[in-house]
Engineer: 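Structure in structure tokens, see below.
Please read all numbers here as calculations on a predicted model, not as lab measurements.
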Amino acid sequence: MRKSTFSRTELSRTFGIDMAALGTGSAGTGFSFGKVAPGVTSEPHRHDEIEAFVVLSGAGKVRTDLGEISVAAGDVVLFHPFEAHVLHNDGLENLNFVDVYWCDGKAALEAAAQVAIPRGPIFVFSTPPTPNGDLHLGHLSGPYLGADVYTRFLRMKGVEAYHLTGSDDYQSYVATRADADQSTPGKVARHYADEIRATLALLDCEVHSFLPTLGDSAYAEFQAACFRSLLSSTAVDLRQSPALFDAVTGDYLYEPDVSGRCPDCGGSAGGNICEECGAPNLCHDLDAVRSRHSAEAPVVGFMRRPELALERCYVNIDRHLRASGAPVRIMDLFARLRQRGDFSVPIIHPSDWGLPAEGFPGQVTWVWPEMAFGFLYNIQTLATSLGRDWNAALPSNDWQIVHFFGFDNSFYHALLYPALYAEVFSHWTPRIRYHVNEFYLLDGQKFSTSRGQGLGQRGSGPKDSRCCPSSFGPDTPGR
């Protein structure tokens, strides 16, 4: 016999709420206490076990893939395998509950079998890694292994499926690595692209098209055409807007050149994206902002450049996410973005490294929009090798795309890219599925090569923010 009292149990932070594991029983059964403070929402997650929340006190709402319900003391909510769920406290007192979960292999298989296997062609993308280092354990255990397994599964089922990736050669982080190595970005990109391909081969990860973009004139021409089309969009404005500069060197700051506190969650964030909550930033809106180039506090200036007004794209993004069955956590990120109101992102940046932005001397196309169109070019490259007629400039509604990436890439893949596609390819209704990985935790902190964890002998690894150290999905609270 064992007795536990909720009020005396020591709680710890798990998935955004306070939890305490009570132990496990037979057949994979587990028990936990949970507390959700007023106004707090648990982090969305899903898993193969059956799970039940027994509400002890307080009131709130439970949101799943199917909708939202109200809960109060005495209610029991049962979640089926793979059903995403979120618990929100909209009351004035703590919402306390008991969490019970157990394994049921038959129920999990039945739930999985209800998902119809699509017919091809299916293009499975693992996020193109930044060639500023070799792949590390987190990359391999996340997007690359996941995409490889999923593609093999589809092909075993007779589906026409292909695994595609490549080398994100024009990333700003490549130039940063070149500065550190006293080399050139081109040399760094080519060297680590070769390393990455060799590592994927060692993993026996089958890639049907690996696209290096550096020096491909046809790729550059295609990107230039997409850029021109984007400039003519009604969602793009030429604006004089704030930008961040180093106070000593005068250098323009973005991505690896700047860090601070996220304006959304207050956590530690890099330039343009927060790894903690996935929210984008504009660098000048970071709190406690710091420059990589000098110890002086950066200064805010102004630049005239084209920007994508995302608020004009929200209807298209919402329609796309609902049609694609996007994970709950991506839907939550989108909801937080919409709460900001107007939000415009520059689509070019001053830099010596990247594809030149036509009509804007000294500036280059931002690599994230470039990647969006690069996926389509990779499909065309694959077509050439297969003798097919897939055309990047005329994407087909028959295409089905699946993306594997880390959660910190969610804004780019699931929110920015659908907006870009809608503006440039008005005839195309993309069919895209998203498989989002999460960071591993080690002693309560992100498993990361920057802490010297999981480093092999082949290199230091690309920046964590592109393909994060990840698992195949978050665990259940309390486990």
Side-chain angles (χ1 to χ4, degrees), residues 130-133 168-189 214 223-224 227 230-231 236-264 267-275 279-309 342-371 411-412 416 450 462-466:
T130 303
N132 65 337
D168 192 12
D169 296 326
Y170 295 111
Q171 249 294 344
S172 54
Y173 290 80
V174 174
T176 302
R177 182 59 186 262
D179 288 342
D181 292 352
Q182 296 184 331
S183 183
T184 66
K187 288 181 179 179
V188 168
L214 185 61
Q223 289 288 348
F227 179 70
L230 192 57
L231 287 182
V236 172
D237 298 321
L238 189 60
R239 299 186 178 187
Q240 185 84 359
S241 58
L244 200 63
F245 299 87
D246 186 272
V248 176
T249 66
D251 291 329
Y252 172 80
L253 303 176
Y254 78 121
E255 294 191 329
D257 297 321
V258 61
S259 59
R261 310 295 297 183
C262 174
D264 254 31
S268 178
N272 297 102
I273 205 73
C274 175
E275 287 187 0
N281 63 71
L282 301 173
C283 297
H284 66 82
D285 57 355
L286 289 168
D287 296 323
V289 64
R290 301 181 301 277
S291 169
R292 183 176 64 88
H293 299 288
S294 72
E296 296 292 326
V299 297
V300 177
F302 289 86
M303 291 196 66
R304 187 169 177 80
R305 55 190 167 171
E307 297 185 355
L308 177 69
D342 293 352
F343 185 75
S344 296
V345 291
I347 57 175
I348 65 175
H349 293 280
S351 178
D352 295 329
W353 180 243
L355 292 172
E358 189 176 292
F360 299 90
Q363 300 206 55
V364 299
T365 302
W366 193 25
V367 289
W368 293 101
E370 179 201 328
M371 183 184 290
F411 166 73
Y412 302 121
L416 178 63
S450 63
K463 62 182 185 302
D464 291 340
S465 62
R466 289 306 299 263

Engineer: Looking at side-chain heavy atoms only, is the closest gap between Pro131 and Val174 below 4.5 Å?
Structural biologist: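 Sidechains of Val174 and Pro131: in contact.
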Engineer: I need the Asn132 CG to Arg177 CZ distance, nearest 0.5 Å.
Structural biologist: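 Output value for this atom pair is 6.5 Å.
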Engineer: Who pairs with Pro256 by side-chain contact (heavy atoms from CB on, under 4.5 Å), at least two apart in sequence or on another chain?
Structural biologist: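 Pro256 satisfies side-chain contact (heavy atoms from CB on, under 4.5 Å) with Ser172, Tyr173, Thr176 once adjacent residues are dropped.
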Engineer: So Pro306 and Asp237, do their side chains get closer than 4.5 Å, heavy atoms only?
Structural biologist: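 Result no, sub-4.5 Å side-chain heavy-atom pair not found.
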Engineer: Below 4.5 Å, heavy atoms only, C-beta onward: do Glu370 and Leu355 meet side chain to side chain?
Structural biologist: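 Side chain of Glu370 against side chain of Leu355, heavy atoms only: contact under 4.5 Å found.
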Engineer: Who are the side-chain contact (heavy atoms from CB on, under 4.5 Å) partners of Thr184, not counting sequence neighbours?
Structural biologist: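 Scan of Thr184 (side-chain contact (heavy atoms from CB on, under 4.5 Å), adjacent residues dropped) gives Lys187.
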Engineer: I need the minimum non-hydrogen distance between Val299 and Ala247, along with the two atoms involved.
Structural biologist: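 What the structure gives for the nearest pair is CG1-CB, 4.0 Å.
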Engineer: Of all the heavy-atom pairs spanning Leu244 and Val258, show the shortest one and how long it is.
Structural biologist: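 Distance-wise, the nearest heavy atoms are CD2-CG2, 3.6 Å.
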Engineer: Could you report the tightest heavy-atom contact between Ala224 and Glu358, atom names first, then the distance?
Structural biologist: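 Looks like CB-OE1, 4.5 Å.
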Engineer: Quick one: CD1 on Ile348 to CE on Met303, what's the gap to the nearest 0.5 Å?
Structural biologist: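 Rounded to the nearest 0.5 Å, the CD1-CE separation comes out at 7.0 Å.
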Engineer: For a 4.5 angstrom cut-off between non-hydrogen side-chain atoms, does Pro280 reach Ile273?
Structural biologist: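 A side-chain contact exists here, since the closest heavy-atom pair is under 4.5 Å.
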Engineer: A side-chain contact here means heavy atoms from C-beta on lying under 4.5 Å apart; do Pro350 and Arg305 qualify?
Structural biologist: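 Pro350 reaches Arg305 side chain to side chain.
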Engineer: Quick check: closest heavy atoms across Ser344 and Arg239, and the distance to 0.1 Å?
Structural biologist: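 Looking at all heavy atoms of both residues, the shortest contact is OG-NH1, 2.8 Å.
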Engineer: Would you confirm whether Asp179, through its side chain, and Pro185, through its main-chain N or O, come within 3.5 Å as a donor-acceptor pair?
Structural biologist: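 No, Asp179 side chain to Pro185 backbone: no donor-acceptor pair under 3.5 Å.
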Engineer: Using side-chain heavy atoms (C-beta onward) and a distance below 4.5 Å, is Asp251 in contact with Asp257?
Structural biologist: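 They are not in side-chain contact.
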Engineer: What's the shortest heavy-atom distance between Phe245 and Gly250, and which atoms?
Structural biologist: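 Heavy-atom minimum between the residues: CD2-O, 3.6 Å.
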Engineer: Using a 4.5 Å cut-off on heavy atoms from C-beta on, say whether the side chain of Cys283 contacts that of Asn272.
Structural biologist: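 Sidechains of Cys283 and Asn272: in contact.
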Engineer: Quick check on side chain to side chain contact (heavy atoms under 4.5 Å, CB included): which of His293, Arg290, His349 does Leu253 satisfy it with?
Structural biologist: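 Per the side chain to side chain contact (heavy atoms under 4.5 Å, CB included) rule, the option paired with Leu253 is His293, out of His293, Arg290, His349.
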Engineer: To the nearest 0.5 Å, tell me how far Arg292 CZ sits from Ser259 OG.
Structural biologist: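 Answer for the CZ-OG pair, Arg292 versus Ser259, is 10.5 Å.
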Engineer: Working to the nearest 0.5 angstrom, can you tell me the gap between Asn281 CG and Arg261 CZ?
Structural biologist: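 The distance works out to 12.5 Å.
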Engineer: Flag the pair Ser351 / Tyr170 as yes when at least one side-chain heavy-atom distance between them is below 4.5 Å, and no otherwise.
Structural biologist: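 No, their side chains stay 4.5 Å or more apart.
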Engineer: Run the side-chain donor-acceptor check on residues 359-367: report pairs under 3.5 Å with partners two or more places apart or on a different chain.
Structural biologist:
unit_1: Trp366; atom_1: NE1; unit_2: Glu255; atom_2: OE2; d: 3.1

Engineer: How far apart are the closest heavy atoms of Leu282 and Asp285, and which atoms are they?
Structural biologist: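 Heavy atoms only, the tightest pair is N-OD1, 2.9 Å.
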